[in-house]
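Report on the following structure.
In listed order, ligands and their atoms are each counted from 1.
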Amino acid sequence: MDNTTSELAASIRSIPDYPKPGIIFRDITTLLGNPRAFRRAVDELVQPYAGTKIDKIAGMEARGFILGGAVAHQLSSGFVPIRKKGKLPHDTVRIAYSLEYGVDEMEMHRDAIEPGEKVILVDDLIATGGTAVGATKLLRQIGAEVVGACFVIDLPDLGGRRKLEELGVSVHTLVE
Ligand code: PRP
Ligand code: ADE
């Protein structure tokens, strides 16, 4: 592990049996509250895309909003929220998905992306990949070109990264 990886890993708190028995919850509030770790995480997330024109960052509710907003600012891109169902006021596209500890539905505004726009997905963590795969399908449904996805944390045993790569999305992560 290099210095940045170990500093980021040390700033993430692990909570056993949350939100359900058997889940080890990786809590990034401790990373976000540490100015140095937060800046490092954002700098590392944007690194592969520096110098590339990215039209929009799509962030998944809720932790993807915090990191995605910072990444969008750094890349001078727009930001598109992908929200849990029932929160967006205009015409939406919706998809059901499952994640490590449940099932849900997510939505985005149908007019959030112009066809052909280049989009990067941002979230704090990829586990089963249910959330990121669902988001990729929604984005493609409205004509986005999903050029990549980045996450602070990958839980490799849960296979999400592989599922996303099988859909042709290149994946960038900072800590396993
Ligand atoms: C968490 C995390 C990812 C997702 C990853 O979000 O922030 O979005 O789970 O899991 P997966 O790879 O198995 O789909 P959660 O739905 O708990 O929402 P929150 O950010 O609102 O807590
Ligand atoms: N989302 C899915 N699995 C998670 C985990 N183990 N910790 C935090 N967020 C998650």
Side-chain angles (χ1 to χ4, degrees), residues 5-34 37-38 40-42 44-46 56-72 79-89 92-109 112-113 119-141 144 146 148-176:
T5 309
S6 51
E7 183 183 348
L8 290 179
S11 73
I12 297 161
R13 173 165 61 188
S14 294
I15 315 264
D17 298 321
Y18 182 88
K20 292 184 175 167
I23 304 287
I24 302 173
F25 191 84
R26 309 296 177 175
D27 174 22
I28 61 149
T29 62
T30 41
L31 179 155
L32 298 173
N34 174 333
F38 188 16
R40 281 253 170 135
V42 175
E44 291 290 320
L45 285 173
V46 303
K56 305 264 169 68
I57 300 301
M60 277 84 89
E61 184 172 355
R63 294 169 249 158
F65 291 177
I66 303 162
L67 292 161
V71 166
F79 179 81
V80 175
I82 301 186
R83 299 215 60 177
K84 309 232 159 102
K85 67 171 181 295
K87 302 280 189 178
L88 288 169
T92 60
V93 286
R94 180 186 288 200
I95 193 167
Y97 67 102
S98 55
L99 71 161
E100 191 186 2
Y101 39 69
V103 292
D104 212 333
E105 287 176 72
M106 70 176 96
E107 286 183 329
M108 60 187 298
H109 278 144
I113 308 278
V119 178
I120 289 175
L121 273 177
V122 178
D123 208 345
D124 66 325
L125 176 146
I126 183 160
T128 64
T131 307
V133 166
T136 299
K137 289 179 178 165
L138 275 189
L139 286 162
R140 286 180 172 169
Q141 190 183 330
V146 183
C150 61
F151 307 85
V152 174
I153 304 165
D154 178 20
L155 303 182
D157 294 349
L158 295 174
R161 179 187 195 119
R162 201 184 55 251
K163 277 188 219 151
L164 209 47
E165 287 172 343
E166 280 167 6
L167 284 181
V169 177
S170 89
V171 178
H172 171 54
T173 62
L174 309 185
V175 176
E176 286 191 358

Counting heavy atoms only, which part of D124 comes closer than 4.0 Å to ligand 1: side chain, backbone, both or neither?
side chain

Which residue supplies the protein heavy atom nearest to atom 6 (O) of ligand 1, what is that atom called, and how far is it?
R63 NH2, 3.5 Å

Within the 4.0 Å heavy-atom shell around L155, which atoms of ligand 2 are there?
6 (N)

Which ligand 1 atoms does L125 reach within 4.0 Å, using its non-hydrogen atoms?
3 (C), 5 (C)

Counting only heavy atoms not in K163, do more than 12 sit closer than 6.0 Å to its NZ atom?
yes

Atom 1 (N) of ligand 2: closest protein heavy atom, distance to 0.1 Å, is Y101 OH, 3.2 Å

Which of the atoms in ligand 1, numbered in the order shown and given with their element, are less than 4.0 Å from a heavy-atom of A127?
10 (O), 11 (P), 12 (O), 13 (O)

Using 30° and 60° as the class limits, which term best fits the ring planes of F79 and F65: parallel, tilted or perpendicular?
perpendicular

In this structure, does ligand 1 have an atom that sits under 4.0 Å from one of the heavy atoms of G64?
no

Atom 13 (O) of ligand 1: which protein heavy atom is closest, and how many Å away?
T128 OG1, 2.5 Å

For atom 4 (C) of ligand 2, which protein heavy atom lies nearest, and how many Å away is it?
E100 OE1, 3.2 Å

Those atoms of ligand 2 less than 4.0 Å from some heavy atom in A127
2 (C), 3 (N)

Kindly confirm or rule out an N or O of M60 lying under 3.5 angstrom from an N or O of ligand 1.
no

Quick check: R26 and ligand 2, any N/O pair under 3.5 Å apart?
yes

Could you tell me, atom by atom, which parts of ligand 1 come under 4.0 Å of a heavy atom of T131?
4 (C), 5 (C), 8 (O), 10 (O), 11 (P), 14 (O)

Distance filter under 4.0 Å to I24 heavy atoms, resulting ligand 2 atoms
5 (C), 6 (N), 7 (N)

Look at atom 9 (N) of ligand 2 and say which protein heavy atom is nearest, naming residue and atom and giving the distance to 0.1 Å.
R63 NH1, 3.0 Å

Starting from atom 8 (O) of ligand 1, what is the nearest protein heavy atom, named by residue and atom, and what distance separates them?
D123 OD2, 2.5 Å

Note: L99, heavy atoms under 4.0 Å from ligand 2, region reported as neither

Do R94 and E105 meet the salt-bridge criterion of a basic N to acidic O distance under 4.0 Å?
yes

If you measure from each heavy atom of D27 to ligand 2, is any distance below 4.0 Å?
no

Checking the N or O distance criterion of under 3.5 Å, is ligand 1 in contact with A62?
yes

Can you name the atoms of ligand 1, numbered from 1 with element, that are less than 4.0 Å from a heavy atom of Y101?
1 (C), 9 (O), 15 (P), 17 (O)

Salt bridge (Lys or Arg N to Asp or Glu O under 4.0 Å) for K84 and E61? Distances and angles first, verdict last.
CA-CA 7 Å; K84 309 232 159 102; E61 184 172 355; 5.6 Å; no

Considering only heavy atoms, does E61 approach ligand 1 within less than 4.0 Å through its side chain, its backbone, both, or neither?
backbone

Min N/O separation G129 to ligand 1 under 3.5 Å:
yes

Heavy-atom distance to atom 16 (O) of ligand 1: which of L99, V133, I82 wins?
L99

How long is the straight-line distance from CD of E7 back to CD of E44, given to the nearest 0.5 Å?
10.0 Å

